[in-house]
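These values consider heavy atoms only, across backbone and side chains, with no hydrogens, waters or symmetry-generated copies.
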Amino acid sequence: MLTPPRTVIRREGGIYAMERALRRRGFPHVAGADEAGRGACAGPLVAAAAVLPEGRRGEIDGLTDSKLLTPAARERIYAEVVARALAYAVVVIPAAEVDARGLHVCNLAAMRRALASLPVVPDYVLTDGFGVDGLGVPGLAVWKGDQVAACVAAASVLAKVTRDRIMVKLEEQHPGYGFAEHKGYITAEHSAALERHGPCPEHRFSYVNVATVSGRAGRPPRSRRPAHLGGIESMAHGGRAGSTVGVALGERLRPSALVGEDVAMEGGVG
């Protein structure tokens with residue numbers, strides 16, 4: 001497996017400098033991966049991967065970490081990433097699977113499968129914060145990668161916008177929690193709603209605050225979800241038995257091969 005020689009990337013080179021340096025070293029297709037929803041106590045975990053084209057087509061005005069953008073800016077940049085990317089993929093893992101398998105396991109699996117789902121095979125992979133093994137290509141975990149590498153920032157926006165859209169839809173299905181506003185993260189309003197209504201099926205019962213309100217705090221994390229709320233099989237929406245197949249809201253589903261037993265995928269080639 002090839003690895004690039006040591007390269008110095010200067011901060012003044014901007015968010016595209018890392019990918020330019022890797023291309024000069026013989027890695028033309030650099031993929032970035034990131035997630036959204038890791039810290040939320042309700043809703044799915046969403047991971048995305050993206051490969052941006054070389055040159056001006058791959059330079060998106062205002063692209064940065066999705067958390068630093070306004071909702072309007074995220075929507076604009078999301079549309080540009082979808083239109084310009086050489087390839088992108090989004091994986092959605094529902095709350096029941098986070099409870100059943102554990103957050104970190106699901107996080108790694110989601111990013112790994114998003115990368116494996118890319119129609120364009122990457123030559124090098126950049127991930128935000130921590131490494132993902134089992135990719136078959138060289139990679140690098142980049143501290144604050146969504147602020148220093150364009151492809152990671154693009155993946156960050158894809159994941160964040162996809163998840164935010166899902167949470168708005170979940171507010172319609174489970175009114176009273178404010179999912180459309182706080183997107184499932186722990187806020188004073190969300191905590192008050194949990195106390196008032198108790199958890200809904202979209203909450204993560206493996207999280208202490210949800211387990212406490214539900215009266216299941218004394219149970220091991222993976223057994224906190226009540227059986228009547230269902231597990232992985234009962235949450236299947238399509239594909240083979242036990243899978244959870246869906247699509248980022250607002251985008252049409254593109255045909256793709258199944259790459260895992262517990263993921264929902266959407267992606268495309270620009």
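Between G43 and A95, the shortest heavy-atom contact is O-CB, 3.8 Å. Of all heavy-atom pairs spanning L52 and G58, the tightest one is CD1-O, 3.8 Å. For the residue pair Y177 and A193, the shortest heavy atom distance occurs at CA-CB, 3.9 Å. Counting all heavy atoms, side chain and backbone alike, L69 lies closest to R74 at O-NH1, 2.8 Å. Heavy atoms only, all atoms of each residue included: A42 and M167 are closest at O-CE, 4.0 Å. Listed here is the closest heavy atom pair of A89 and S117: CB-CB, 3.9 Å.
No donor-acceptor distance shorter than 3.5 angstrom exists from the side chain of R112 to the backbone of L135, with no hydrogens or angles considered. In this structure a side-chain-to-backbone donor-acceptor pair under 3.5 Å is present from S223 to P220. When atom types are taken as modelled, the side chain of E35 and the backbone of A48 share no donor-acceptor pair closer than 3.5 angstrom. Of the possible donor and acceptor atoms, none in the side chain of S156 sits under 3.5 Å from a partner among the backbone N and O of V152. Judged by distance alone, the side chain of E171 and the main-chain N or O of F179 form a donor-acceptor pair under 3.5 Å. Listed for the R222 side chain is no donor-acceptor partner under 3.5 Å among the backbone atoms of V98. For R84 (side chain) and E59 (main-chain N/O), a donor-acceptor pair under 3.5 Å exists by modelled atom type. Formation of a donor-acceptor pair under 3.5 Å by the Y185 side chain with backbone atoms of G37 is found in this model.
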### Verdict with supporting geometry, V30 and L126, side chain to side chain contact (heavy atoms under 4.5 Å, CB included)
CA-CA 7 Å; V30 182; L126 299 174; 3.9 Å; yes

| message | Y124 vs M18, test: side chain to side chain contact (heavy atoms under 4.5 Å, CB included). Steps then yes/no. | response | CA-CA 11 Å; Y124 201 91; M18 190 170 291; over 6 Å; no

Check your understanding: So V92 and R163, side chain to side chain contact (heavy atoms under 4.5 Å, CB included) or not? Walk me through it.
Key -> CA-CA 8 Å; V92 179; R163 189 177 186 280; over 6 Å; no

Steps toward side chain to side chain contact (heavy atoms under 4.5 Å, CB included) verdict (R38, H104) = CA-CA 9 Å; R38 184 181 176 91; H104 190 61; 3.6 Å; yes

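Taking CD1 of I166 as the reference point, atom CD of Q173 lies at 10.5 Å (rounded to 0.5 Å). A distance of 6.5 Å separates CD of E97 from SG of C106, quoted to the nearest 0.5 Å. We find the CD1-CD distance between I15 and Q147 to be 8.5 Å, quoted to the nearest 0.5 Å. L118 CG to R113 CZ: the interatomic distance, rounded to the nearest 0.5 Å, is 14.5 Å. Atom OG in S214 sits 9.5 Å away from atom CG in L194 (nearest 0.5 Å).
Aromatic pair H203/H197: centroids not less than 6.0 angstrom apart.
In this structure the side chain of D128 never reaches within 4.5 angstrom of the side chain of W143, judged on heavy atoms. Two residues are said to be in side-chain contact when any heavy atoms from C-beta on lie closer than 4.5 Å; H29 and V121 fail this criterion. Put simply, the side chain of L115 reaches to within 4.5 Å of the side chain of V125, judged on heavy atoms. Inter-residue side-chain proximity for I186 and N209 is flagged as met; some heavy-atom pair is nearer than 4.5 Å.
Annotation: salt bridge (charged side-chain N to carboxylate O under 4.0 Å, His left out) contacts of R204 (sequence neighbours excluded): none. Qualifying salt bridge (charged side-chain N to carboxylate O under 4.0 Å, His left out) partners for R224, counting only residues two or more places apart in sequence or in other chains: none. The side chain to side chain contact (heavy atoms under 4.5 Å, CB included) test applied to K67 returns D65, D146, not counting sequence neighbours. Partners of H174 according to the ring pair (Phe, Tyr, Trp, His ring centres under 6.0 Å) rule, which considers only residues two or more places apart in sequence or in another chain, do not exist here. A search for ring pair (Phe, Tyr, Trp, His ring centres under 6.0 Å) contacts involving F205 returns nothing, not counting sequence neighbours. Not counting sequence neighbours, the partners of E75 by the salt bridge (charged side-chain N to carboxylate O under 4.0 Å, His left out) test are R165.
When hydrophobic clusters are built by joining Ile, Leu, Val, Met, Phe, Trp and Tyr residues whose side-chain heavy atoms come closer than 4.5 Å, directly or via intermediates, L158 is not grouped with V168. In the hydrophobic cluster analysis, where Ile, Leu, Val, Met, Phe, Trp and Tyr join through side-chain heavy atoms closer than 4.5 angstrom, V137 is grouped together with V51.
With salt bridges taken as basic N to acidic carboxylate O contacts below 4.0 Å, none links D34 and K160. Ion pairing between D123 and R23 fails under the 4.0 Å rule for side-chain N and carboxylate O.
Atom CZ of R56 has 12 or fewer neighbouring heavy atoms from other residues, nucleotides or ligands inside a 6.0 Å radius.
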